[in-house]
Each structure stands twice: as C-alpha cells, then as structure tokens.
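Data block below; observations after.
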Protein chains: 2
Amino acid sequence: MPTNKKKTQVTASPERRRELLGTAAEVFAAQGYNATTVRKIADAAGMLAGSLYYHFDSKESMLDEILSAFLTELWEGYDTVLAAGLGPRETIEALVTESFREIDRHRAAVAIYQKESRHLSAQPRFRYLSDSQQKFEKAWLGTLERGVAARVFRADLDIRLTYRFVRDTVWVAASWYRPGGQHSPEEIARQYLSMVLDGIAVRG
Amino acid sequence: MPTNKKKTQVTASPERRRELLGTAAEVFAAQGYNATTVRKIADAAGMLAGSLYYHFDSKESMLDEILSAFLTELWEGYDTVLAAGLGPRETIEALVTESFREIDRHRAAVAIYQKESRHLSAQPRFRYLSDSQQKFEKAWLGTLERGVAARVFRADLDIRLTYRFVRDTVWVAASWYRPGGQHSPEEIARQYLSMVLDGIAVRG
DNA sequence: TAACCTACCAAACACTTGTTAGGGAAGGTT
DNA sequence: AACCTTCCCTAACAAGTGTTTGGTAGGTTA
C-alpha cells in the first residue's frame with residue numbers, strides 16, 4: 001500500500017475540492033489573501049473552519065492550487081498560440097484574445113494573481129510564479145521585437161515600456177471584468193487591440 | 001484648554017510623523033496592508049511596536065493618513081489641470097503627465113491605493129476613496145466624451161472601456177516604476193501618451 | 001536644582017489567527 | 001447486522017495580532 005499520499009487527499013473527492021476552491025478563490029479575490037481568514041472561507045462554503053482541513057492541508061495550499069491551476073491552463077492556451085507560427089501582429093492579437101478568455105474563465109484567480117504574485121514569488125513554494133512571469137516576458141517581448149523588426153510595430157518606442165503597457169492593459173481588466181456582462185471576452189479583446197494597435201486619437 | 005485633541009497628537013512632532021508614515025508606506029506597499037504587522041513597521045523604523053502608538057492611534061489611521069495625503073495632493077494637481085480650460089486632447093495629456101509625476105512622488109501610496117482601495121472603500125472611514133474614484137471617473141470620462149464630440153477621439157470605441165483602459169494603463173505603472181530610473185516621469189508620460197493616442201502599430 | 005516635555009522601551013492585555021484531534025451522523029457495502 | 005467511507009462538527013491549541021499601561025532617559029525650561 002502506498003503511504004506517501006497527502007493525508008488530506010486520501011478520501012476527499014476532487015469535485016468537492018474544486019467546488020471549495022472556487023468559493024475560496026472568490027473570497028481571496030474580494031478581500032485579499034491575507035485579509036481572508038479560513039473562517040470566512042468556511043462561512044462562504046457553509047461549513048466550519050476546521051472542516052476545510054478535511055479537503056486541504058493548509059490555507060496556503062488552497063492558494064497554491066488556485067494559482068497553479070490557472071497558470072497551467074493559461075500556458076496551455078499560450079503555447080498553442082506561440083506554436084502556430086503566426087506573424088507578430090497576429091500573435092499579439094491571438095495572445096490578447098486568449099488572455100481575455102482566460103480572464104473570463106478564471107476571473108478570481110487572475111485577480112488574486114495580480115494582487116499577490118509580487119510578494120508571493122519570493123517564497124520558494126511559489127517559485128513557479130516568477131518562472132511564469134519570465135516565460136511571459138519572453139513571449140510578449142519577443143513578439144514585439146519581431147514586430148519592430150518586421151516594421152509592423154513602431155520602432156520609436158521604448159520596447160520594454162511597450163511590453164509593460166500591453167501586458168498591463170490586458171490583465172488589469174480582471175479587476176473590473178464580470179462574466180456575463182454586455183461584452184464577450186472576444187469583443188473586449190477586439191476593442192483593446194484596436195486601442196493598443198491604432199490608438200484612441202482620430203487619424204489626421 | 002482644548003480637550004478634544006486626539007491623545008496621540010498632543011505632543012508628537014509632525015516631522016517625525018511624516019518620517020514614520022514614509023517607512024510605513026514602504027512596508028505597506030511591499031507586503032500589503034494586512035500582511036504588514038505593526039512590529040514590521042516598527043522594525044523598519046528602528047523602534048518597538050508599542051512606540052508607534054505615541055505618534056498614531058492605530059495601524060488603520062496610518063493607512064488613512066497615507067492615502068488621504070496622497071489623494072489631497074493628487075486632486076490639487078488635477079483640479080489645476082481641469083480648470084485650465086484646455087482642449088480634450090491637451091487635457092488628457094496634462095492629466096497623464098500629472099499622474100506620472102504623482103506616481104513619482106507617492107509611489108508607495110499609489111501602490112497601496114491600487115491594491116487596497118477596492119475593499120477599503122466599503123468601510124465608512126475610507127468613504128473618500130469612493131468619492132475620489134467618482135470624481136476621477138467624471139473628469140476622465142467627461143474629457144473623453146468632449147474629445148469624441150470634437151472629433152479628436154475615435155467614436156467607434158466603447159467609451160467606458162476606453163476610460164478604464166486609459167485609467168488603468170496609467171496607474172498600474174506604479175507597480176513597476178522606480179524613481180531615479182532611466183526615464184523621467186515626463187518621458188514615461190510622453191511615451192504612454194504616444195501609445196494610447198496613436199497606437200503601437202505602424203501607420204499604413 | 002526642580003519641574004516638565006519628548007520620544008521611546010518593557011511588558012503585558014484580549015483577541016484572532018491557522019491548525020489539530022477526536023467524534024459522530026449518514027449512507028453504502030459486505 | 002456489522003462495518004467502512006465520506007464529510008462535517010465540536011472544542012481546543014499555540015502563535016501571532018493590534019493595542020494599552022506604566023515607566024524612564026535625556027533634553028529644555030523655570
């Protein structure tokens with residue numbers, strides 16, 4: 001018999017885990033990770049604080065699971081886009097669209113990631129956050145550089161500034177986006193791309 | 001003799017208060033408000049936790065003072081711009097430039113504001129955060145609408161989306177901006193404006 | 001010198017925090 | 001009927017939290 005299983009995972013059902021992680025993510029996103037007590041999570045889930053430890057072995061592991069699940073799915077989509085061999089502009093368009101779809105699916109996780117990733121990435125357990133961020137930068141910055149070289153993106157801008165600009169414009173949307181609103185993720189992506197690529201000024 | 005003074009403000013010197021608020025703001029910005037203990041602040045200030053209460057009457061009042069001081073100064077600058085009677089495009093340019101100057105001066109406060117304002121604004125004590133946000137929206141959204149009417153901004157974009165776009169792209173900069181870097185606030189503002197107004201794509 | 005003020009320390013307080021241990025009810029399996 | 005599994009509760013724990021109280025070294029004033 002295998003003995004190295006986590007004790008809390010021996011009998012807990014995966015569906016219930018996902019359900020609880022969902023409510024935990026909502027509370028984390030709304031109140032912030034540190035301001036969220038396990039009792040608040042338990043309240044939102046309709047149970048008592050101690051009962052959470054039947055499914056998870058710590059508050060931190062809930063956060064871990066939420067973030068890593070999100071990043072795993074995110075990179076699935078990104079890698080598909082990056083492997084498609086598109087041109088720079090089309091790659092940016094696809095990445096932005098994919099990002100908004102991800103915000104649509106993992107709104108809470110994205111919000112948490114935005115608020116907490118900076119000071120979490122120092123912890124060894126959340127090392128994968130920095131790794132992801134580096135991969136992220138490589139993908140976006142590389143695409144922008146290709147675009148400048150191919151003369152589809154302007155060459156007179158500081159490219160790192162442009163990178164941060166594009167990156168931020170996409171992800172901060174998670175702070176106000178609500179699924180089921182009047183705009184679909186694809187529509188929001190279209191408008192964002194239109195602004196980033198062509199600007200908001202009327203062309204003279 | 002006046003008796004309605006706050007007890008902790010009777011003898012504390014304002015200079016020392018500002019000094020301590022500065023280090024507190026740094027710690028809040030780096031670790032997050034809730035994750036920051038008063039002992040950490042005291043450590044950073046080279047004193048013991050209890051000694052902070054000679055200058056301030058609570059941890060929350062430190063946060064309050066940091067945020068309200070920032071917003072007061074911010075609106076001083078904004079109101080000057082808005083009262084200048086500039087055209088829509090020039091108003092946007094001036095607001096963005098002013099914002100980056102504010103980020104330069106109150107980097108920590110801006111970072112705190114960004115992370116915490118959402119869930120703080122529910123508290124009655126921080127009501128002024130919502131007030132400020134409303135004023136903010138009125139100023140920016142109004143200017144954008146004027147610009148669309150005057151045909152200097154595109155009419156084919158969702159204006160609320162544009163507002164969020166412009167607003168967010170400016171303020172998230174506080175999360176990566178470091179004073180004394182290679183770009184001055186004005187230079188960063190110039191490049192941001194160039195991207196927002198004209199886009200990053202090469203004009204065909 | 002004596003009284004006073006400023007700015008801090010030392011030590012504790014009541015409370016909240018994440019977490020654990022043991023138990024038990026419901027329902028399925030043998 | 002006995003047993004097992006799943007899922008939660010009750011009740012407590014130790015550590016950490018913001019805050020208070022009383023004291024005190026050193027400078028300033030009377």
Protein-nucleotide distance ([X], atom [atom1]; [N], atom [atom2]), rounded to Å:
X	N	atom1	atom2	result
A:Lys59	C:dT16	NZ	C1'	12 Å
A:Asp57	C:dA21	CG	P	13 Å
A:Asn34	D:dG18	CG	C1'	16 Å
A:Arg17	D:dC7	CZ	P	11 Å
A:Glu60	C:dT17	CD	P	18 Å
B:Phe56	C:dT6	CZ	P	16 Å
A:Ile41	C:dT16	CD1	P	18 Å

Looking at [options], which one has an atom nearest to any side-chain atom of [X]?
X	options	answer
B:Tyr54	C:dC9, C:dT6, D:dC9	C:dT6
B:His55	C:dT19, D:dG18, C:dC8	C:dC8
A:Ala49	C:dT19, D:dT17, C:dA10	C:dT19

Establish, with yes or no, whether the OP1 or OP2 oxygen of [N] is under 4.0 angstrom from a side-chain nitrogen or oxygen of [X].
X	N	value
B:Ser13	C:dA7	yes
A:Arg16	D:dC8	yes
A:Tyr53	C:dT19	yes
B:Ser51	C:dA7	no

Heavy atoms, side chains only, cut-off 4.5 Å: are A:Leu20 and A:Met47 in contact?
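Sidechains of A:Met47 and A:Leu20: in contact.
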
A:Arg127 atom CZ, neighbour heavy-atom count above 12 within 6.0 Å:
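Open: at most 12 neighbouring heavy atoms sit under 6.0 Å from CZ of A:Arg127.
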
For B:Phe136 together with B:Tyr78, are the ring centres under 6.0 Å from each other?
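Yes: the rings meet the under 6.0 Å criterion.
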
Base of D:dG16, side chain of B:Arg39 - is there a donor-acceptor contact under 3.5 Å?
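Side chain to base: no pair present.
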
